[in-house]
Every structure is written in C-alpha cells, then in structure tokens.
Amino acid sequence: MLDPAIVRDHLDEVEKGLTERGATNLKADLATIKELDTRRKAIIPNLEEARRERKELGARVALAKRAGESADDLLKKGRALSDGIHEQEKDLAAVEQEQQKLLLRLPNLPHKSVPRGANEKANQEINRWGEVTRFDFTPKAHWDLGPELGILDFERATQMSGARFAVLLGVGAKLNRAIINFMLAVHTKEHGYIEVAPPFLVNEEALIGTGNLPRFEADLFKMAGNSNLYLVPTAEVPLANLHREEILDGRRLPLSYVAYTPCFRSEAGSYGKDVRGLIRQHQFEKIELFKFTTPDQSYREHETLTRHAEIILEKLGLPYRRMVLSTGDMGFAAAKTYDLEVWLPGQETYREISSCSNTEAFQARRAGIKFRPGGVGKAEFAHTLNGSGLAVGRTLIAVLENGQQADGSVVVPEALRPFMDGQEVIEPAR
RNA sequence: GGAGGGAUGGCCGAGCGGUUGAAGGCGGCGGUCUUGAAAACCGCUGUGGGGGAAACUCCACCCUGGGUUCGAAUCCCAGUCCCUCCGCCA
C-alpha cells in the first residue's frame, strides 16, 4: 500500500509512476483518495475537541455526584455531546474505510532505476552466465524426455486432477526431492537463511498483506465452506506474514528466511500459454527466499538475495541470464524486480525460473511490519524482499533438458548427486 | 464434535461504571555505592495519531466488532484466539 500522505502531497508523481506501470483510470481514484484525506483531516480536530469536552464533563459529573448535587443539566449536555461524537465517528470510519479500499487496489510505485516500458519487451538484460548448451543431436523438450524416461506422467495426473497437473515417478520424484534438499541446504548453510515450514493455507488478511488480495482473488484457490482460507500461491505469503503487526529490532535486521512449499494458482495460464509440460501448473513447488530489512539497506539486500538465487543455477551448471523487469511487467507489489531466466534447450529459449523483488514498504504497510532503528526510538515501516530460489519444477525441467544425451539418458548435475545417493545418470526405463 | 475456564503494558499480575493509561512485581535503561561486578537504594521505562521550535499538550488504544451509559478495562451481545476435560484422529 502506498503512503496516503504521498498520494496527498505528490499526486502528480504518483499518477506518473503508476501510469508507467500500466495502471489505468487512476485520476478519479487518486483525486478521491486525496479528497478523503482532506475530509479526514477536517473531522479529526472537531472530534477530538468534542471528546475532550466530554471527558471534562464526565469529571464534573463525578464531582457533583460525590458532593450529592444534581447533575441533570450536565447529563443533558453530555448526551448532546455524545450524539455529535457518534456521528463524527461514523463519518470518520466511513471516510477511512473508503480511502483504505482505494489504496489497497493501487500497485506499488516503481523504483527510479527500473526501465520504463509498457510490457516485457522493455525488460533489460543485466548479465549472462554460462554457455548456452549445444548438442550434436536434436535436444528434446522435457515433455517428451520425461515420459520417455518414465519419470514424468501428464496423462495420469489428468485422470485424477485435470489439466495442468503432473505426476513425478520413481527417479523423477527423487530428483525433485533432491533439488529441494539441495537448495535448502545451500541457502541455510551457505547463505544464512532460517528455514521455515509454514502453513499452506492462509487467511484473507495474510493475502491482503502481500497484495494478492483484494485484486487478484481469481488467481487463488479458496477453500470450500465458510472458511476464509486460501491455498498459498507462494511461500511469500506466509513468510511476509511471519512478522505481521510486529515491531522488529532494527539491530537484528536483515532477517532472512527460506521456505519450501507447494504453490497453488488457479488461473495459471488461462491464456492458452504454456499448455504443454511442467512450465505452468496449478500446483508447483518452490523454494522461497524472504528478507525483512531497513529502507537504507533494502536495495543492497535485493542484490544479495538475487545473487543467492543465481548461485543455485551456477552450482547446477545451468546457463541463465538476469533481467530487470520494466515498469509494465512488474508484479503488483514490486518496486523493482529481477527475473532469472534459465536456458531450456528443448525450447531454444530462456525461461523464467526465479523472480526477485523489492517491495520496499508496500507489504510492510499493509501487514503492519515495523522496526525500531538501533532498537530504540520511533518505529518505521520495514522493507520486505522476496525471491524464488528457485522454482523446483522449472529447475527439474532445466536439469533434464540441459543434461540430456543422445541416447535419451540425463546426466545428473554433480551438485545434486549427494542428494541422489550418488546417482550420476538417469537412464530410460526399459 | 461436547462441557467448562480465560484474553490487561516486553513478561507476570491487580483492577467498587467516575482524575485508571491502568496498582504491584519481573525484566530493561540511567544514577548512587564499588578497584570492577553483584547486592542494595533512587529515578526512568507501552503504542499510534494531532498541535508546538521546544518544554509540553490533546486524542485514541486493556483480544476484535457492535451496544448500554453523561461516562466502560470494568455491564450486555456477537466473533476470534488460547487453556482444561471428554470424544475422534495422522
């Protein structure tokens, strides 16, 4: 959520920033937010004065009663005061609620270093790592390779769950687990993250905190019945809410967390995009990195966190490039986002495998996450960062496609072998 | 699922409907004492918002939301969460 004071005092800049990221029909909403702020500011002094009077009057009533005197006209005056107070409280609540409603639907402002542009075409490549994998045979896509190896099955998943689900079998399931364990090991032991095993169901408030609600309900799976629980679309949600409504000790920041969770997305690819294979599923798994930090170090931490995700790709020997997303391609909560794209030989293209964002105080303001600099003094909103480190299914795809050999077997990256009981090659099922 | 009990400041814990933003204790911070520390003693010590250069001052907040009342931490209603017992259960 944006600071209402920024909207009030820098309306034009806010409008410009939000327009650059593709928001439309802003003018009216922004003007309303500002107007509501003015109304709020007009109500508050009157309300507080009335409350002060009532308090004083109450003390006089108490004195009169103690002295055994009649307080009838005091009571009458008090009744009138209270009526006015109730009315003003109602007005104020309505104004604040309306303002909140509008503010919750506005995306974050882009950081000044973010390239301006309408869509993904304006994204810029920052750097590349590794040589694009070349073969002296025609490499297969994982949707052929996996089933041929007998480790990946789409048809059986369709039987029980429908489109956009997959089953991993045998060595495939084991490889999946190895990838998870490898990533968690690197992030906890080498990068200093605290491992978290969070709930996979979260309530509405948690999703408002991260920015998934109220605008993106259609992307989520909601539980049936009268519960207000949703399946997590990413571990970012439970991790961000780990310190909801808390004031953190500034001396202990940054706090770095890593979680492995399944992720559930309802509208994943309703555009007929990536209908084949494991790329876009209703259910997938992800290792998520999350940091709570201070404003002055959040961009440094953004680089660090992105680097931590890159290191996973490098250890696996997977060629990738880092992109900085343009204003038009960023997610709702992000002020700046790096995408890591891994090379997929079967598709002759780089595909997103990680997305690392600084949301600045956007989520912190929604979720009430503050910190006290130096452990004392006035609390201010923290900055939160999130990034995939990495998406498990896409990593599995990348390992299969990049490690494939002419006979259909796949070489297991060295870094994964300790997690695969030493297995070096995945052989086709016979 | 059934039956009870509870929710107060960083923590524990009091609180006849009327100077109670809230006793007391612990913890924390500062000081006295000490070569240093401990102990003892003294003082300070919640959050958010408004006004003020500042001293300071005003308002709100005792789980949440409603209600009663001139006035609610205290009374009423609803909800959430926690605890105990019973049942069920990986």
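Throughout, protein chains are lettered first and strands after them, A, B, ... in sequence-line order, and every chain is numbered starting at 1.
Panel note: side chain His187(A), backbone Gly389(A); a donor-acceptor pair is recorded below 3.5 Å. Distance alone, capped at 3.5 Å, is enough to place a donor-acceptor pair between the Arg21(A) side chain and the Gly331(A) backbone.
Pair assignment for A90(B): none, as no Watson-Crick or G-U wobble contacts are both less than 3.5 Å. Look at A7(B): its Watson-Crick or wobble partner, with both distances under 3.5 angstrom, is U80(B). The nucleotide A38(B) finds no pairing partner, because no Watson-Crick or G-U wobble arrangement with both distances shorter than 3.5 Å includes it. Partner assigned to G18(B) is C70(B), using Watson-Crick or G-U wobble distances below 3.5 angstrom. Under the Watson-Crick and G-U wobble criteria, each requiring two contacts below 3.5 Å, nucleotide C61(B) is paired to G46(B). Nucleotide C85(B) forms a Watson-Crick or G-U wobble pair with G2(B), both donor-acceptor distances falling under 3.5 Å.
On the C1' atoms, G28(B) is 11 Å away from C11(B), given to the nearest whole Å. Here the separation of A38(B) from C33(B), taken at their P atoms, is 15 Å to the nearest Å. Spacing between A73(B) and A7(B) at atom C1', rounded to whole Å, works out to 12 Å. Using atom C1' as the reference point in both G9(B) and U47(B), the two lie 9 Å apart (nearest Å). Across the C1' atoms, G49(B) and A40(B) are found 42 Å apart, a figure rounded to whole Å. Distance check on atom P: U74(B) versus U64(B) gives 11 Å, rounded to whole Å. For the C1' atom pair drawn from C62(B) and C12(B), the interatomic distance equals 16 Å after rounding to whole Å. Straight-line distance between the P atoms of G65(B) and C26(B): roughly 34 Å, to the nearest whole Å.
Sorted by first and then second residue, the salt bridge (Lys or Arg N to Asp or Glu O under 4.0 Å) pairs involving residues 76-93 of chain A (not counting sequence neighbours) are Arg51(A)-Glu89(A).
Among the heavy atoms of the strands, none lies under 4.0 Å from Arg60(A). In this structure, Ala379(A) reaches the sugar-phosphate backbone alone: every heavy-atom distance under 4.0 Å involves primed, P, OP1 or OP2 atoms, never a base. Among the atoms of the strands shown, only primed sugar atoms or phosphate atoms (P, OP1, OP2) are found under 4.0 Å from some heavy atom of Arg372(A). Nucleic acid contact class of Gly78(A) (heavy atoms, under 4.0 Å, all strands): sugar-phosphate only. Among the atoms of the strands shown, only primed sugar atoms or phosphate atoms (P, OP1, OP2) are found under 4.0 Å from some heavy atom of Lys55(A).
For the pair Ile247(A) and His86(A), nearest-nucleotide mapping onto RNA chain B gives the more 5' position to Ile247(A). Sequence order on RNA chain B of the closest nucleotides to Ile44(A) and Ser82(A) puts Ile44(A) first from the 5' end.
A salt bridge links Arg307(A) and Glu314(A); the closest N-O separation between the charged side-chain nitrogens and carboxylate oxygens is under 4.0 Å. Ion pair Glu246(A)/Lys370(A) not flagged as a salt bridge, since none of the NZ, NE, NH1 or NH2 atoms sits closer than 4.0 Å to an Asp/Glu carboxylate oxygen. In summary, Glu20(A) and Arg116(A) engage in a salt bridge, as defined by a charged side-chain N under 4.0 Å from a carboxylate O. Taking a cutoff of 4.0 Å between a charged side-chain nitrogen and a carboxylate oxygen, Glu303(A) and Arg322(A) qualify as a salt bridge. Salt-bridge check for Glu414(A) with Lys315(A): failed, with every basic side-chain N at 4.0 Å or more from each acidic carboxylate O. Between Asp249(A) and Arg252(A), none of the side-chain N atoms (NZ, or NE/NH1/NH2) sits under 4.0 Å from a carboxylate O, so this pair counts as no salt bridge. With respect to the salt-bridge test (charged N to carboxylate O, under 4.0 angstrom), the residues Lys140(A) and Glu401(A) do not qualify. With respect to the salt-bridge test (charged N to carboxylate O, under 4.0 angstrom), the residues Asp37(A) and Arg8(A) qualify.
Think of the region where chain A sits on RNA chain B: with heavy atoms and a 4.0 Å cut, that region ends 5' and 3' at G18(B) to G71(B).
Using a 4.0 Å cut-off on heavy atoms, none of the residues of residues 197-212 of chain A approach RNA chain B.
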